[in-house]
Amino acid sequence: MDRYQILDTPPDGTFDKVAALPARIFRTPAAAITTADGYRLGTVNVLDTQPRQVTAEQLAAFQNLAALVMDQLEMHLSAIRTITAERQMRTAAERLERTLQRTLLPPSLPQVPGLRAAAAYHAASADEVGSDFYDLFPLDDGRWAFFLGGVCGRGAEAAAVTSLTRYTLRVAAVYGPDPCAVLANLDTVLKGEYPGTDTRHCTAVFGVPERTEDGSFTLTLAGGGHPPASAVRADCTIQPLPVTGGQLIGLLPEPRFTQTSTHLAPGDALLLYTDGLTEARTPSGPMLQEEGLAAHLAAGTWDDADDPVAGIRRLLDHLGTDVNDDTALLALSVPIHPPTPAQETR
């Protein structure tokens, strides 16, 4: 471009701003920019007051520079479009999470003849969908089944696994309500849906209550890597019901699932919970753990399933921000004064 005699002309403030534009875009001094015809572009004064005739070569050189600038602007516009699309996707994902959250829990607990049921869900974060779940539902033969558990992870992906887990447990229970067999079927489904290294796992307790002639209940529980249930007796004593040896569901090649049984007499309650409860921090610092939960339960008096759930909800409110994980609660109890058949059908 030196043959056009436009190099090293006197400085011009307006043009300096124009020349600085490619320097900012390319993060380099303007003198280092090379045009398509192989010439270096210096500080060029094209706004000279003296009229000059622009040749085709000059015009082509500046058109090349303009094309480079436009390319950079298009890259910025593309980035803006990407950011906008990502925001729209996040909004859609948030709607999906809210929809999935509604599928994790039953809309309401049904009335089980001879039993009272209560449940609660404590969400640790208002911004992210949880992954704990519970359910209580009838079987075809007139019996009932229930479960409670939690999926590893958070957000929409974990919620999708949670929904799959919940519906699989329901279907498996109808197919065959043996508690260990139900968990084994869930394990098979999770491995089939998420094979190889893309595994998804969960913990769960599954149970079947059976009513005896005197109005009490025998409960059979199976567990897979889940915290123990607690039997809250009418005299306020607490009996842990561990399913020792039950392993995580959906993770191990050949997991073991174990079961236990307990008897609920009038005034007794069964409490199931996820580990967000026992891993919550107490005001003094350490985790609540099973011992702290047992002490809290023993300090109350329980007439039905609502009382232990209500008491634990008060405990969660007291712990506040120290509850850093979601917590699901499910309680079943045998009332001391059972309702009449007319009351049961209302």
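All values below were derived from every heavy atom in this structure, side-chain atoms included, with hydrogens, water molecules and symmetry-related copies excluded. A quick note: this is a predicted structure, and the numbers were derived from the prediction, not measured.
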Can you tell if the side chain of [X] reaches within under 4.5 Å of the side chain of [Y], non-hydrogen atoms only?
{"X": "Leu277", "Y": "Leu329", "answer": "yes"}
{"X": "Leu109", "Y": "Tyr134", "answer": "yes"}
{"X": "Pro227", "Y": "Glu290", "answer": "yes"}
{"X": "Trp144", "Y": "Val208", "answer": "no"}
{"X": "Phe133", "Y": "Leu169", "answer": "yes"}
{"X": "Arg170", "Y": "Asp135", "answer": "yes"}
{"X": "Pro228", "Y": "Tyr273", "answer": "yes"}
{"X": "Tyr121", "Y": "Asp132", "answer": "yes"}

Can you tell me how far apart [atom1] ([X]) and [atom2] ([Y]) are? Round to the nearest 0.5 Å.
{"X": "Leu190", "Y": "His201", "atom1": "CG", "atom2": "NE2", "result": "10.5 Å"}
{"X": "Arg116", "Y": "Leu332", "atom1": "CZ", "atom2": "CG", "result": "13.0 Å"}
{"X": "Glu254", "Y": "Asp187", "atom1": "CD", "atom2": "CG", "result": "10.0 Å"}
{"X": "Leu272", "Y": "Leu221", "atom1": "CG", "atom2": "CG", "result": "6.5 Å"}
{"X": "Leu183", "Y": "Arg256", "atom1": "CG", "atom2": "CZ", "result": "14.0 Å"}
{"X": "Ser333", "Y": "Leu115", "atom1": "OG", "atom2": "CG", "result": "7.0 Å"}

Would a distance-only check, ignoring hydrogens and angles, find a side-chain to backbone donor-acceptor pair under 3.5 Å from [X] to [Y]?
{"X": "Lys191", "Y": "Leu186", "value": "no"}
{"X": "Thr274", "Y": "Ala328", "value": "yes"}
{"X": "Thr165", "Y": "Val161", "value": "yes"}
{"X": "Thr278", "Y": "Leu288", "value": "no"}
{"X": "Thr260", "Y": "Val243", "value": "no"}

Open item on the list: Is there a side-chain contact (heavy atoms from CB on, under 4.5 Å) between Leu251 and Cys202? Walk through the geometry before answering.
Closed with: CA-CA 8 Å; Leu251 181 65; Cys202 70; over 6 Å; no
Distance-minimising heavy-atom pair for [X] and [Y]:
{"X": "Ser131", "Y": "Ala158", "result": "CB-CB, 4.1 Å"}
{"X": "Glu210", "Y": "Arg143", "result": "OE2-NH1, 3.2 Å"}
{"X": "Asp325", "Y": "Gly276", "result": "CB-CA, 4.0 Å"}
{"X": "Thr258", "Y": "Cys180", "result": "C-SG, 3.9 Å"}
{"X": "Ala173", "Y": "Val182", "result": "CA-CG2, 3.9 Å"}
{"X": "Ala234", "Y": "Pro266", "result": "CB-O, 4.1 Å"}

- [ ] Using the side-chain contact (heavy atoms from CB on, under 4.5 Å) rule, take Ser216 and His263 through it: C-alpha gap first, then chi angles, then the decisive distance, then the call.
- [x] CA-CA 7 Å; Ser216 61; His263 182 78; 2.9 Å; yes
TODO: Evaluate the ring planes of Phe137 and Phe206, with Trp represented by its six-membered ring, and classify them as parallel (under 30°), tilted (30 to 60°) or perpendicular (over 60°).
DONE: tilted
Task: Residues Tyr167, Val189; criterion side-chain contact (heavy atoms from CB on, under 4.5 Å); working and verdict - done: CA-CA 11 Å; Tyr167 290 118; Val189 169; over 6 Å; no
- [ ] Could you check Thr212, Val334, Thr262, Leu270 and say which one makes a side chain to side chain contact (heavy atoms under 4.5 Å, CB included) with Phe217?
- [x] Val334
Task: Stepwise side-chain contact (heavy atoms from CB on, under 4.5 Å) test for Val309 and Arg313 - done: CA-CA 6 Å; Val309 170; Arg313 293 191 71 170; 4.2 Å; yes
Task: Hphob cluster co-occupancy, Leu248 + Phe257, side-chain heavy atoms under 4.5 angstrom - done: no
Open item on the list: Quick one about Thr203 and His226 (side-chain donor to acceptor, distance below 3.5 Å, no hydrogens or angles considered), yes or no?
Closed with: yes
